[in-house]
Amino acid sequence: MLGRTLREVSEALKQGLVTPTELCQRCLSLIKKTKILNAYITVSEEVALKQAEESEKRYKKGHSLGDLDGIPVAVKDNFSTAGIETTCASNMLKGYVPPYNATVVQKLLDQGALLMGKTNLDEFAMGSGSTDGIFGPVKNPWSYSKQYREKRKQKSHGESEDSHWLITGGSSGGSAAAVSAFTCFAALGSDTGGSTRNPAAHCGVVGLKPSYGLVSRHGLIPLVNSMDVPGILTRCVDDAAIVLGILAGHDPKDSTTIQDPVKPFTLPSLTDMSKLCIGIPKEYLTPELSSEVQSLWSKAANLFESEGAKVIEVSLPHTSYSIVCYHVLCTSEVASNMARFDGLEYGHRCDTDVSTEAMYAATRREGFNDVVRGRILSGNFFLLKENYENYFVKAQKVRRLIARDFVNVFNSGVDVLLTPTTLSEAVPHTEFIREDNRTRSAQDDLFTQAVNMAGLPAVSVPMALSSQGLPIGLQFIGRAFCDQQLLTVAKWFEKQVQFPVIQLQELMDDCSSIFENEKLASVSLK
Amino acid sequence: MATPVLRWCCPGRRWVFAGIGGVSRHGRGVPTGSTSSGKRGQSSVAQQPLITAQKPRKGEREWAAVVGLEIHAQIASNSKLFSGSQVDFAAPPNSLVSFFDASLPGTLPVLNRRCVEAAVMTGLALDCHINRRSLFDRKHYFYADLPAGYQITQQRLPIAVNGSLVYSVCVGKRRSQMVTKTAGVKQIQLEQDSGKSLHDSLRSQTLIDLNRAGVGLLEVVLEPDMSCGEEAAAAIRELQLILQALGTSQANMAEGQLRVDANISVHNPGEPLGVRTEVKNLNSARFLAKAIDYEIQRQINELENGGKILNETRSFDYKLGCTVPMRDKEGKQDYRFMPEPNLPPLLLYDSESLPTGTDPQQVINIDQLREQLPELPRVTREKLVQQYGMLPEHSFALLNEVGLLEFFQNVIKETRAEPKKVTSWVLNTFLGFLKQQNLAVSESPVTPSALAELLDLLDRKAISSSAAKQVFQELWRSKGKTPAQIVAEKKLELMQDAEALEQLCRSTLEAHPQVVTDVKKGNPRAINKLIGLVRRATLGRADPTVIKEVLERQLSL
C-alpha cells in the first residue's frame, strides 16, 4: 500500500481498504526502518497517531474532509508547526517550539492530513546537498536501492558499501528522501534557488516549485523572501497537483499572495499535442552538463516532437549572469532575515552576559554554522551604503532582465520550457564535500535559480535511471501562474517515460507492506 | 556692514552674540578643546547669558541658526502598523505582543489600512503631494527593543512629500502680536515604533517591553526653516493641533505619542551652513525650545572659541538644562537599507485613477479622504476672529487647551452676553481657575451652561462684576448649584430699588461730614471713599458707577 501514489491511497481510504491508523502505523514503522537515511529531524509519532484516530472517526461517519484526509505527510523543518520543535537544522533554533502553524501546514491539517514529522535540511535551507545541518547529512534512498547496488557490484573494487552513500541534493533533501523511501505520500519542501527541484531530481520524485505568490509563505522561516516558495514533493505529478490545489490561494497573512481565488483542480490529459510549444533554452547547454543528462534532455525533446508538439530552440540571453546576481540578492536578504536571531526572544542564547553586544556576538557565533555566517557577512557587505548601488541595485536590475528573458520567450508562443534540473545524477557524499557549500550551491542551482529570480512555476519530473542506476530528472518551466498548464505537460511526460519504482528491499527487511499490490487490484481509480 | 543683522528669533528682537577672547574667524579649524566640547559649552553658557536687544558693536560676528525637526507621531489606531496587536499606552508590559511583533521566524507584515489613511490625511492637511506609489524599506540596527533587527520604514519613496506647515509666533513688546511663518514639510513616512528598554542598573539588567514594538508612526520631516527654539516649539504645537484635529494621532508629548528630534547648526549669514548636531529625547515643547536655544548658544560659543562642531547626536538633560553627547552612538551607523520584500508597493488612488470594480476595502481613495478632512485649526481660528471679532491671539489661546474651544462655543450658544465678554471670562477667569488647579477642561466643575447663566445675570446687570466673580468661585466650589441659586443665597443681586439706594447714599453723606468736606475741597479720592462706604452698606450689591452718579447728584457736584 505504501508504494502507491497519494491519489491511489486516498481512494483506498475512501473505499475502506485501509484505515488511516493502519496507514500511519506502517509509515511510522518504515520511518524507523529507514532511520539510516536521517530524513527526519523530528518524528511526531504521537501527533500523527492522534490525527489518524480522528481521521478514522471521520471516515466511519462518512465525513471525510477530502483527498488528504488520513494521508501521511512530512514537512521540512523550516515550516513553523505549533507545538512541534522547528529547528531549521540549526543550533540557533534547537529547542524552539513555534506557537503557530505555517499557513501551508494548517491547510494540510485542515484537510485531515497526518503529520509524520519534520524533515532534515541544510542549516536554514542554505545548501544544495542536505549535508550542512546540525543533525548530519541526509542519505539518498537510492544509495540502498537494488538498481544502484547491482550496478555498483559490477564495478565494485571491494570498497565498503556504506562509505559510498549518495547525497540527496538539497536543501529539502529530507523531504525528498521521505517521499522516495515511502515514509509519507507527500512532503513540503521550500524552494529558493532550486531546493525542492534539486533533491527531487536526485531522489527520483516529483518536485514542484509553484509560482511566487500562489502559495503562502506565512510560517516558512525565510531564506530569501522575494524568492522563497513552499515546494511540493510527491511520487507523481497528479499528487503534486492535488496538494497544490489545497495549498494555493490568497492568505491574508502573506501580502505577496495573489488576491484571485484559486480552486482545487484535476489535471486533464493532454490530447492535442500539436497545440503545444516546448522551448529549449540554448544557454542551458553548458559544458558542465553531464553527457548522460544531456542525452536524456534531447531524448525528451525528441519525444515531444515525435508526438506532434512544436519544439524550438529559444534564448534566455541573461542566463549566465543569473547565478552571481542570485548570490548577491540571496545573501543580502539572508543578512537581513537573520538579524532577528539575537538570542533575546527565542532560540539559542549564549552564557555571556558582559554586555548586550557581547551576548549578540557569542549567541550568533554559537548558533549559526560557517555557511550561514558567511552569507550574513557577504550580504551585509553588499548592503553597505558604499556598495549598495554597485551590488544590490545592479543585481536587481539584472534580475529584471532575467525575468524579461522569460517573458519574451513565453510571449513568442512558447508554452513550457524544458531544461535539465541538475548537471548530473546524485554524487557520493565523499565526492560532494570536496567542494565547499558555496561552490556546490553555485553549480547545483545553475538551472534552477533563474526561475526563482523570475517567480515562475517549475517542476522536476524523474525521467530515467542513469547508467549507474540513479534517477535523472528534467525540469519544466511554465508561465507565471500557469502552474496547471505546466503540470498538465509534466503529467503527459511522466506517463510517457514510465520512470521505474525504487526497489528498497535490501534496506527494509519487511517489504511486503510496501509493495502489497494484491489489495490494490480492487481499487478502482477514476 | 553689508550683511543684514541677524534676525535670530522673531522680528523686532535682534540677538547678537559677542565673541569671547577675540579668536579670529580663521582660527575655527584649530582643534583647541574640541574634545571636551560638551562641558565647555555648558560652563560658558552659564557665564554668558544671551545678550538681547543690543545693537551690534563693531567687530562682533553675527550668527544665524538653522533648525530642522524630525517628528515621530504615534498613529491613533486600534492595532499596530503591521500586526493585529492592540495599541494601548497603559497596558501591562508585553501584554500586547503578536508573534510578528516579537519577530517570531516566519511571520510576515500585513499593512494596517487605518495607518495608511492617517498618513494620507496628515499629508493632505499639510499640503503634501501624496505619492500614488510608495515603498517600504528595512533599516537595520541591532538593539534589544528592536526584535527583528530592522525597522520597516519608507526610506526611498515615502507616502507624502513637499508640504508645508503654517504656524504663528508671538512678537511685539507685549508678545501679543502674531506673525505667521511657514516650515516646509520634506516628507511624511510610515514606519514602525520600537519597543522599550528599561535599564535596571541595580541588577545590571535590561528589561524589554514590546507593547510599543510595531505601533504605527508617522515620521514628519520639517525642512530647516526655523531659527530658534520658540519657532520650533510653535511649529510643533501647530502640528500637534493639526494631528489632534485630524484624529490621526493623540500627539501627547508627555506620553511619547509625539517625539521630536532637532537638527541644529549655526553659520555666519552669507556663508554655507555649519556642521549640524542632532538633539534627541525632547519630550515637551518647553524642553524642545530650551534645548534648541541651548544648543545654538553652545555651538556659537564653541565656534567663537575656535572650537569645532562635531556631527553628533546629543540628548537634552532636562535637569541640567543642557545638551550632552550621547555615548552609545559612537561612529556612524550604516543602516544597510534594503527594500522590504514582504510588502508590495503601496498603491493609492484618486477618484479618476480608481480601477473599476475594485473592492473598496482593498483600495484607498485619496479624494474621498480629502472630502472627509475635518476643519483645520488655522481655519477654526480665522472663523473665530471673523465671527466674534476676537483678537488673533485669543483664537490661539482658545485652541491651545483641549476642549476649551468647545466649552467656549457652548457658552456662546446659551448666553446673551457679548462674545468679547465670553472670551474674556473663558480665557481669564475660567482658564485661570483650571490652570491654578491643574485641571483639564473636561474636569472643570463649572459647566458651560452655568457660566452662560452667570454671564446672562451679569449682562442684564442683575449682579455686579465683582459679585459675578464671587458667584463663579462658589460655582467652582459647590457643584450642582445654579448661579441664580448662589446669587439668591448669598444675596448678591444688585439693588434694583433706586429709592432705597438714594436713601442709603443720603444717610452715608450725613454720617460722614468730614469726607463730604474733603470732596467739596476737591480731594479726588474722597468720592471713592464714599462710594466704598455705600457699597459696604449695600453688601456689595450696588453697581459702583450707579452709586457714584447718585452721590454726585446728591452732592450736586
Side-chain angles (χ1 to χ4, degrees), chain A residues 78-80 86 88 92-93 96 98-100 102-103 124 213 216-222 224-228 251-257 259 329 332-333 335-342 344-347 353 355-357 359-361 364 379-388 392 396, chain B residues 82-84 94 97-111 136-152 155-156 195 197 199 203-208 210 213 328 332-346 358-359 361-363:
Chain A
N78 59 351
F79 286 95
S80 304
T86 299
C88 285
M92 188 55 93
L93 285 180
Y96 167 65
Y100 75 102
T103 298
F124 282 101
S216 167
R217 292 178 294 113
H218 173 252
L220 166 61
I221 298 176
V224 184
N225 301 287
S226 65
M227 301 189 213
D228 290 343
D251 179 6
K253 290 175 181 148
D254 178 356
S255 309
T256 61
T257 50
Q259 297 282 339
L329 297 174
S332 299
E333 281 198 40
S336 175
N337 286 330
M338 295 295 146
R340 71 187 55 213
F341 299 103
D342 56 12
L344 280 180
E345 280 82 14
Y346 44 81
D353 61 354
S355 70
T356 312
E357 286 74 18
M359 192 273 282
Y360 286 159
R364 290 164 69 80
N380 276 321
F381 174 82
F382 298 137
L383 290 178
L384 285 178
K385 208 174 177 187
E386 73 219 64
N387 295 332
Y388 184 74
F392 190 86
Q396 272 195 319
Chain B
F82 297 120
S83 81
N94 293 313
V97 186
S98 72
F99 300 151
F100 175 79
D101 304 329
S103 79
L104 290 200
T107 52
L108 300 169
V110 177
L111 185 56
F136 290 96
D137 304 283
R138 291 180 179 180
K139 175 182 179 177
H140 299 89
Y141 59 92
F142 282 105
Y143 207 79
D145 54 27
L146 186 75
Y150 56 80
Q151 174 199 35
I152 304 179
Q155 187 230 2
R156 288 166 299 164
S197 295
H199 301 289
R203 293 183 193 81
S204 73
Q205 276 184 331
T206 299
L207 304 169
I208 307 294
L210 293 181
D328 60 347
K332 279 211 111 186
Q333 286 240 34
D334 190 323
Y335 291 120
R336 290 157 289 132
F337 283 101
M338 189 191 88
E340 166 56 67
N342 294 318
L343 291 166
L346 169 58
T358 41
D359 177 2
Q361 276 307 303
Q362 291 295 327
V363 290

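Below, read A as the first sequence line, B as the second, and so on, with proteins coming before strands; counting in each chain starts at 1.
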(message) In terms of relative ring orientation, are Tyr360(A) and Phe142(B) parallel, tilted or perpendicular, with 30° and 60° separating the classes?
(response) tilted
(message) To the nearest 0.5 Å, what is the distance between OG1 on Thr257(A) and CG on Leu108(B)?
(response) 9.0 Å
(request) Answer with yes or no whether the side chains of Asn387(A) and Arg336(B) bring together a donor and an acceptor at under 3.5 Å. (result) no
(request) Could you pull out the closest heavy-atom pair between Ala102(B) and Tyr346(A), with the gap in Å? (result) O-CE2, 3.4 Å
(request) Using atom types as modelled and distance alone, determine if a side-chain donor or acceptor of Arg340(A) lies under 3.5 Å from a backbone N or O of Pro147(B). (result) no
(request) Look at Ala144(B), Ser204(B), Gly84(B) and state which one has the largest set of heavy-atom pairs under 4.5 Å with chain A. (result) Ala144(B)
(request) Could you tell me which of Thr356(A), Asp353(A), Asn337(A) has the largest number of non-hydrogen atom pairs under 4.5 Å with chain B? (result) Asn337(A)
(request) Can you tell which part of Pro98(A) gets under 4.5 Å to a heavy atom of chain B, answering side chain, backbone, both or neither? (result) neither
(message) Taking side chain as everything from C-beta outward and backbone as N, CA, C, O, which of these in Ser80(A) sits under 4.5 Å from a heavy atom of chain B? Side chain, backbone, both or neither.
(response) side chain
(request) Mind ranking Ala102(A), Gly219(A), Ser226(A) by heavy-atom pairs under 4.5 Å with chain B and telling me who comes out on top? (result) Gly219(A)
(request) Please flag which part of Gln362(B) lies under 4.5 Å from any non-hydrogen atom of chain A: side chain, backbone, both or neither. (result) side chain
(request) Would you give the length of the straight line joining atom CG of Leu329(A) to atom CE of Met338(B), rounded to the nearest 0.5 angstrom? (result) 9.5 Å
(message) How close do Pro341(B) and Glu333(A) get, counting heavy atoms only, and between which atoms?
(response) CG-OE1, 3.5 Å
(request) Please name the pair of heavy atoms, one in Arg138(B) and one in Asn225(A), separated by the smallest distance, quoted to 0.1 Å. (result) NH2-ND2, 3.3 Å
(message) When you compare the side chain of Gln259(A) with that of Asp359(B), does any pair of heavy atoms fall below 4.5 Å?
(response) no
(message) I'd like to know which of Asn380(A), Thr256(A), Asp254(A) tops the heavy-atom pair count under 4.5 Å against chain B.
(response) Asn380(A)
(message) Working note: His218(A) + Asn342(B), criterion side chain to side chain contact (heavy atoms under 4.5 Å, CB included); need CA distance, chi angles, decisive distance, verdict.
(response) CA-CA 10 Å; His218(A) 173 252; Asn342(B) 294 318; over 6 Å; no
(message) Can a donor-acceptor pair be found, under 3.5 Å and without considering hydrogens, that links the side chain of Tyr335(B) to the backbone of Lys385(A)?
(response) no
(request) Rounded to the nearest 0.5 Å, what's the gap from OG1 on Thr107(B) to CZ on Arg217(A)? Could you check? (result) 11.0 Å
(message) Run the side chain to side chain contact (heavy atoms under 4.5 Å, CB included) test on Asp342(A) and Tyr143(B) for me, step by step, so that the C-alpha distance in whole Å, both residues' side-chain angles and the decisive distance to 0.1 Å come before the verdict.
(response) CA-CA 9 Å; Asp342(A) 56 12; Tyr143(B) 207 79; over 6 Å; no
(message) With heavy-atom distances below 4.5 Å as the criterion, would you say the side chains of Tyr96(A) and Pro105(B) are in contact?
(response) yes
(message) Please classify the contact between Leu344(A) and chain B as side chain, backbone, both or neither, with a heavy-atom cut-off of under 4.5 Å.
(response) side chain
(request) Ignoring hydrogens and angles, tell me if any N or O in the side chain of Ser255(A) forms a donor-acceptor pair with the backbone of Pro109(B) under 3.5 Å. (result) yes
(request) List the atom of Tyr100(A), the atom of Gly106(B), and the distance in Å for their closest heavy-atom pair. (result) OH-C, 3.3 Å
(request) Under 4.5 Å heavy-atom distance to chain B, tell me which part of Phe341(A) shows up: side chain, backbone, both or neither. (result) side chain
(request) Mark yes when over 12 heavy atoms from residues, nucleotides or ligands other than Lys139(B) sit less than 6.0 Å from its NZ; otherwise mark no. (result) yes
(message) So for Phe337(B), is it side chain, backbone, both, or neither that comes closer than 4.5 Å to the heavy atoms of chain A?
(response) backbone
(message) Which atoms of Asp334(B) are under 4.5 Å from chain A, going by heavy atoms: the side chain, the backbone, both sets, or neither?
(response) side chain
(request) Select one option (side chain, backbone, both, neither) describing which atoms of Gln396(A) are under 4.5 Å from chain B's heavy atoms. (result) side chain
